[in-house]
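The analysis underlying the following values was restricted to heavy atoms, covering all of them including side chains, and did not include hydrogens, waters or symmetry mates. The chains referred to below are lettered A, B, ... by the order of the sequence lines, with proteins before strands, and numbering in each begins at 1.
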Amino acid sequence: MSAISDNRSVFVTDLAEEVTETALLNAFNTCGPIRSVRICRHSDDRRSLGYGYVNFLTASDARQAVHKLNFAQICGQTVKVMAAQSDRTQRVSNNANVFIKNLDKSIDTKRLYELFIPFGPIMSFKLAQEVNGLSKGFGFVQYESEESAVKAIAAMNGKQLESKSIFCSKFLSRSERSKHLVIESDNKTTHLYVKNLSDDFDDNRLAKYFQTLIGSVTSAKVYRKSGKTFGFVSVEDSDVANTAIKALDGQHLANGNTLRLTRVRKVAESLPTDRPTARNRLDGYNVYVRYLDNCFTEKRLREMFAKFGAIASAKVFAESSEWSLRTNQQNRNYGLLYGFVLFTTPEAAQKAVRLMNNALVAKRPVFVSAKSTAVSTGYPLGRHMITGPRNGRQTFAKRLY
DNA sequence: TTTGAGCGC
């Protein structure tokens with residue numbers, strides 16, 4: 001068992017760049033005997049990363065250091081001191097993390113801490129700041145226990161602080177939050193999807209059916225496909241929509257069909273919270289290609305697609321980030337590869353999809369689509385490995401999207 | 001407006 005991540009160590013952050021190990025030692029040795037100190041540094045040029053560790057001989061000295069030296073000045077800069085917690089999962093998800101926003105800009109890190117410490121022991125805290133140190137007006141306080149977080153939220157949410165009334169809630173990660181927003185927005189929709197209609201429904205009849213039962217229908221449209229009859233009904237407000245679902249979902253029609261009524265689901269991609277990406281700019285011009293072959297190269301990709309129009313760029317990507325492990329001795333790629341062909345016109349891209357999808361290339365079907373399905377393969381964003389032509393040379397390049 | 005991730009020899 002490593003002696004480092006136990007409760008005899010403290011994590012010190014917001015260190016000025018010039019703070020040395022000696023300065024750190026001098027600042028903390030008033031709390032008790034120290035085994036070691038460490039300032040974490042860039043591996044290339046040894047510049048300080050702005051945080052480090054002080055390892056005491058006893059847990060009680062470490063606790064005392066957190067208490068005594070949090071917000072102390074070292075080399076003229078206020079530092080934060082907290083119990084070291086190297087286990088990332090412990091730091092990230094204990095369900096005791098509070099998000100705070102709408103903070104008056106005059107509230108600094110220390111004030112934030114003081115406002116929230118009455119509700120229980122704090123594991124970590126952070127005020128979001130501009131590079132110049134000015135508050136961004138939001139921050140995080142993570143307690144040791146969920147109970148403290150619940151108490152803090154109950155007491156502090158809506159509280160007037162300086163010019164503003166603050167907002168506090170359990171912290172949600174970006175992805176959790178976006179799911180949440182989809183549900184919220186679904187609950188607010190005024191558009192309903194109706195299925196299992198009997199054949200005798202048309203637009204008029206559907207409108208009348210809803211009108212009679214719930215009133216205030218703004219539109220109704222019936223569709224028939226593969227022998228099924230379904231439709232969309234819009235109502236005046238989301239309360240009516242919710243009432244309609246409660247009242248009509250599961251109703252039996254005259255012919256015995258069970259009517260199903262649900263909200264029209266919004267897709268996460270269409271939410272206004274989603275930032276436009278570089279990828280969107282390529283929509284319509286870019287074609288995604290998946291193909292299994294051990295010599296699938298950019299040159300080959302260009303040759304395959306040249307007949308559809310001018311190609312701005314063609315790239316091949318390896319399925320796995322462990323690409324190098326999948327290169328055989330002839331330096332040919334094997335394993336799943338995929339690529340993108342960027343055309344200079346949307347017409348060329350459409351034609352490529354239409355004529356190349358499922359076409360046989362060297363006896364194998366090739367999958368060609370206007371939309372990439374590669375985003376869900378767990379790729380880290382940013383830099384990606386790209387195969388060089390035939391010689392298997394690896395280079396890193398930015399993804400196309 | 002703003003929903004993290006700084007944590008080691």
* Asked: Separation of A:L112 atom CG from B:dT2 atom C1', in whole Å?
  -> 14 Å
* **Between P of B:dG4 and CE of A:M82, the distance in whole Å** => 17 Å
* Could you state the atom-to-atom distance from CZ of A:F99 to P of B:dT2 in whole Å? => 8 Å
* In sequence, state the C-alpha distance, the side-chain angles, and the governing distance for A:N196 and A:T258, and then conclude on side-chain hydrogen bond (donor to acceptor under 3.5 Å, both in side chains). => CA-CA 6 Å; A:N196 297 346; A:T258 305; 5.9 Å; no
* Structure fact -> A:E176 meets the side-chain contact (heavy atoms from CB on, under 4.5 Å) criterion, sequence neighbours left out, with A:L172, A:S173
* Quick one: label A:M123 by what it contacts on the DNA or RNA (base, sugar-phosphate, nothing), any heavy atom closer than 4.0 Å. => nothing
* Just jot down the side-chain contact (heavy atoms from CB on, under 4.5 Å) partners of A:R224, sequence neighbours excluded, or say none. => A:D202, A:V222, A:T229
* To do: Give a yes/no verdict on a cation-pi contact between A:K80 and A:F125, requiring under 6.0 Å between NZ or CZ and the six-membered ring centre and an angle within 45° of the axis.
  => yes
* Counting side-chain heavy atoms from C-beta on, which of B:dA5, B:dC7, B:dG4 comes nearest to A:A84? -> B:dC7
* To do: Pull out every residue in residues 140-152 of chain A that has a heavy atom closer than 4.0 Å to any atom of DNA chain B, ordered by number, or say none.
  => A:F140, A:Q142
* Structure fact -> Regarding the side chain of A:R177, the nearest nucleotide among B:dT3, B:dA5, B:dG8 is B:dT3
* Asked: Rounded to whole angstroms, how far apart are CD1 on A:I100 and P on B:dG4?
  -> 13 Å
* Is any side-chain N or O of A:R38 closer than 4.0 Å to OP1 or OP2 of B:dC9? -> yes
* Among B:dC7, B:dA5, B:dT2, which is the nearest nucleotide to the side chain of A:Y51? -> B:dC7
* To do: Could you tell me whether A:E146 and A:K151 make a salt bridge, using a distance below 4.0 angstrom between a side-chain N and a carboxylate O?
  => no
* To do: Nearest whole angstrom, please: distance from the C1' of B:dT3 to the NZ of A:K126.
  => 13 Å
* Could one point to a donor on the side chain of A:S124 or the base of B:dG4 with an acceptor on the other under 3.5 Å away? -> yes
* Protein-nucleotide distance (A:L49, atom CG; B:dC7, atom P), rounded to Å -> 8 Å
* To do: Check the pair A:S178 / A:S175 against side-chain hydrogen bond (donor to acceptor under 3.5 Å, both in side chains), numbers first and verdict last.
  => CA-CA 5 Å; A:S178 103; A:S175 62; over 6 Å; no
* What integer distance in Å separates A:R91:CZ from B:dA5:P? -> 11 Å
* Structure fact -> The residue, A:L103 or A:F125, whose nearest nucleotide of DNA chain B is more 5′ is A:L103
* Consider the side chain of A:F11, meaning its heavy atoms from C-beta on, and name the nucleotide among B:dT2, B:dT3, B:dC7 that approaches it most closely. => B:dC7
* To do: Over 60° means perpendicular and under 30° means parallel, so classify the ring planes of A:Y53 and A:F11, tilted if in between.
  => tilted
* **Euclidean distance, atom CG of residue A:N97 to atom P of B:dG6 [Å, nearest integer]** => 14 Å
